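Presented below is the structure to which this report refers.
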Amino acid sequence: MTAIAGAAVAGLQIVTVDEVPRHGRIAALVVGLDQRQVWYVPVVHEQEACLQLKDVLNRFKGFFEAARPSKIGFNQKADYLALAAHGIQLQGIDWDLLVAAYLLNSGVRSPSLEALASDVMHRTIEGREALFGTGKTAMTCDQVEIARAAAFFGERMRVTLELQPLLQAQLVRLGNAELFRDLEMPLVPVLAEIEMAGVAVDLPYLQQVSRELYDQLRRLDQEIEDVAHGPINVNSPQQLARFLFEDLNLPGGRKTKSGYSTDATVLEGLREQHPVVGKILEYRQLSKLKGTYVDALPLLVDSRTHRVHTSFNQTVAATGRLSSSDPNLQNIPIRTEVGQKVRRAFIPGRTGDLLLSADYSQIELRVLAHMTDDPVLVDAFARGEDIHARTAAEVFGIPQPEVTANQRRLAKVVNFGLFYGLSDFGLARDTGMSTEEARVFIDAYFRAYSRVREFLEGIKIQAREQGYVETVLHRRRYIQDIRSPNRMLRQAAERIAINMPVQGSAADIMKLAMIRLQRYLQEQHLESRMILTVHDELVFEVPPAERDHLIEVVPDQMATAYPLTVPVQVDLKLGPNWQDMERVRLVAAKA
DNA sequence: CCGATCACGTA
DNA sequence: AACGTACGTGATCGTA
């Protein structure tokens, strides 16, 4: 123990029985100082005598809660969560190989230690399946013999310790050491804290919505079956296609691998042809929302906290964004009326508290202005203009007051489409103009915003010559197929290359803001909690006494997290749930 | 039981 | 002829 506490650096893994570290069902600790000094400390193994968890945690508490030694691990957010369940706040989370591997190649979806050992050290190690089995017969960690578990986790720890300096050297070589140390690693405990905080959900309300939707769905189903003269499962694209394109003889459009497509765009095109089509579209929408949110959310409420605790994944999205799962709280509906009903179910956990939502306004266009230094774009943001109206004015060559609603709409589609590598075909499809008109429109756009065109061309060249593109903080994404002779593949690669620097830079900025704000809340001993992040939005749960304090500090910290050459603007809303929110403030940080 | 496919929600 | 980027989830369906 003295050796461990006195070390500068120590490998650490908290082995849990189940896959939800937040539950804190710790099976063992693994600690390693070097290749010869690795300890496996079992606390839960069936059949075999183990140490008492309580005693073990007490002995290690000082080590866990000290910033030194620095801890090296693989997926340290899980370690933090498992210990937090026992009231221990893990400190010194300095070196997570999972996070490092992600920075080194964000294209690999959730790299494994096995893959790292193989790729970096050319060494084969056992995967989890070898020890635990797979599928229905899989054992949990507590069911495995201690000796076998110790050998398995011991080897992983030795590999972890051996890999760390190799990955560090690679990070330095790529110029990503600072991004790793100052952004991604500090973010690890921030995400863990958000997950632990969770979000309260109004269960009685959701149950009521579920009943309403059930009734509506039954009615729609009946009306559809009346037309079909028999039972039909509207959720089955196969049955639906047979009904629409064979029984009703409606004109089939796009094909999928297995027949005619029945997706929303196809059905929208058939709406006028038969009254049943509208009913099908409505059924689809209600059924989707009921199944994915209204009925699924209550099942994910933790019985101890009465809240849903999503997982924020830091090592999945190739652009540097976070993703959310179990449940995915980053795709809660907002557009439709039923969707808004779902949003109303997200509430503060304590009566009287409020939800505060802060979102970056036009952050991607502002990032684009920053990266391109385009004089027109920069001028528009500097003046605080309506950016889409200004774009329309520039493209149509008219004064801004004369821009019509339709012209503004077209400009908006182009402004959003830019980041996706917009084509004349895509623009035509989204706006209803011909591809010829779309081509002219895009040409006019790039004449007005020539620096944007040069920037996008430059990205493609960089991708082609270097094989990767990067964000303002030098986060990299390697671009496959960018030199492919196959035009389809190459153009797809070009779109990916164009999208990443802007989307990824916005993600960089948001991550900086999250770190600052979490630090601030902690230092000021505030009770307000950061509970959600949705790409350009942060949501907080706020006691009334802290309301004014948060209204001051949240937008200010967000807007100044990473100063751009244009003002960064943050919209602030406050309300009793995630839907019914009122704008309270709009803050623009000077460029 | 699992994976592929289709469809669809968000930024 | 083509069908912008990034994600995660649910239902169905065919296979093991």
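Quick caveat, the model's predicted, so the values are computed rather than measured. Just so it is clear: chains get the letters A, B, ... in the order the sequence lines come, proteins before strands, and each one is counted from 1.
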Checklist entry - DNA chain C: Pro327(A) or Thr319(A), which has the more 5' nearest nucleotide? => result Thr319(A)
Next on the checklist: I want to confirm an ordering. Mapping Gly291(A) and Gly421(A) to their closest nucleotides on DNA chain C, which one lands closer to the 5' end?
Outcome noted: Gly421(A)
Using atom [atom1] of [X] as one end and atom [atom2] of [N] as the other, report the distance to the nearest whole Å.
X         : N       : atom1 : atom2 : result
Asn233(A) : dA11(C) : CG    : P     : 11 Å
Arg254(A) : dA1(C)  : CZ    : P     : 17 Å
Phe346(A) : dG9(B)  : CZ    : P     : 16 Å
Leu300(A) : dG10(C) : CG    : C1'   : 13 Å
Lys257(A) : dA4(B)  : NZ    : C1'   : 8 Å
Ile479(A) : dT5(C)  : CD1   : P     : 12 Å
Asn331(A) : dT9(C)  : CG    : P     : 8 Å
His535(A) : dA11(B) : NE2   : P     : 8 Å

Any [X] side-chain N or O less than 4.0 Å from OP1/OP2 of [N]:
X         : N       : answer
Arg335(A) : dT10(B) : yes
Thr256(A) : dC6(B)  : yes
Ser323(A) : dG8(C)  : yes
Arg284(A) : dA11(C) : no

Below 4.0 angstrom, which residues in [range] have at least one non-hydrogen atom near DNA chain C?
range                       : result
residues 493-511 of chain A : Arg495(A), Ile496(A), Asn499(A), Gln503(A)
residues 433-457 of chain A : none
residues 234-241 of chain A : Asn235(A), Ser236(A), Gln238(A), Gln239(A)

Side chains of [X] and [Y], heavy atoms from C-beta outward: is any pair under 4.5 Å?
X         : Y         : result
Leu104(A) : Leu174(A) : yes
Met581(A) : Leu355(A) : yes
Leu240(A) : Val234(A) : yes
Ser323(A) : Asn328(A) : no

Checklist entry - Which atom pair, heavy atoms only, marks the closest approach of Phe312(A) to Ser324(A)? => result CE2-CB, 3.9 Å
Checklist entry - Is there a donor-acceptor contact under 3.5 Å linking the side chains of Gln362(A) and Gln569(A)? => result no
Next on the checklist: Once side-chain hydrogen bond (donor to acceptor under 3.5 Å, both in side chains) is applied, what residue pairs with a partner in residues 269-286 of chain A remain, sequence neighbours excluded?
Outcome noted: Glu223(A)-Lys279(A), Thr262(A)-Arg284(A), Glu268(A)-Arg271(A), Gln285(A)-Thr336(A)
Under 3.5 Å, is there a donor-acceptor pair between the side chain of [X] and the main chain of [Y]?
X         : Y         : answer
Arg307(A) : Ala197(A) : yes
Lys511(A) : Gly320(A) : yes
Ser484(A) : Asn486(A) : yes

Reckon [X] touches a base, only the sugar-phosphate, or nothing at all at heavy-atom distances under 4.0 Å?
X         : value
Ser261(A) : sugar-phosphate
Asp326(A) : sugar-phosphate
Ala318(A) : sugar-phosphate
Arg477(A) : sugar-phosphate
Gly417(A) : base

Next on the checklist: Test of understanding: with ring pair (Phe, Tyr, Trp, His ring centres under 6.0 Å), list the residues that count as partners of Phe180(A), not counting sequence neighbours.
Outcome noted: Trp95(A)
Item to check | Base-pair map of DNA chain C as dot-bracket, where | denotes pairing with a different strand and pairs are Watson-Crick or G-U under 3.5 Å | outcome: ....||||||||||..
Next on the checklist: As a quick check of understanding, evaluate side chain to side chain donor-acceptor pair (under 3.5 Å) for Tyr468(A) and Asn105(A), giving each step before the final call.
Outcome noted: CA-CA 10 Å; Tyr468(A) 66 88; Asn105(A) 187 356; over 6 Å; no
Next on the checklist: Just verifying a value: how many Å separate Thr431(A) OG1 and Phe441(A) CZ, rounded to the nearest 0.5 Å?
Outcome noted: 8.0 Å
Considering only NZ, NE, NH1 and NH2 on the basic side and carboxylate oxygens on the acidic side, decide whether [X] and [Y] come within less than 4.0 Å.
X         : Y         : result
Arg254(A) : Asp263(A) : yes
Glu457(A) : Arg453(A) : no
Asp215(A) : Arg211(A) : no

Measuring from the side chain of [X] (C-beta onward, heavy atoms only), which nucleotide among [options] has the closest atom?
X         : options                 : result
Ile334(A) : dA2(C), dT10(B), dC8(B) : dT10(B)
Ser258(A) : dC6(B), dA11(B), dG9(B) : dC6(B)
Asp263(A) : dC7(C), dA7(B), dC6(B)  : dA7(B)

Checklist entry - When the P atoms of dC6(B) and dC3(C) are considered, how many whole Å apart are they? => result 15 Å
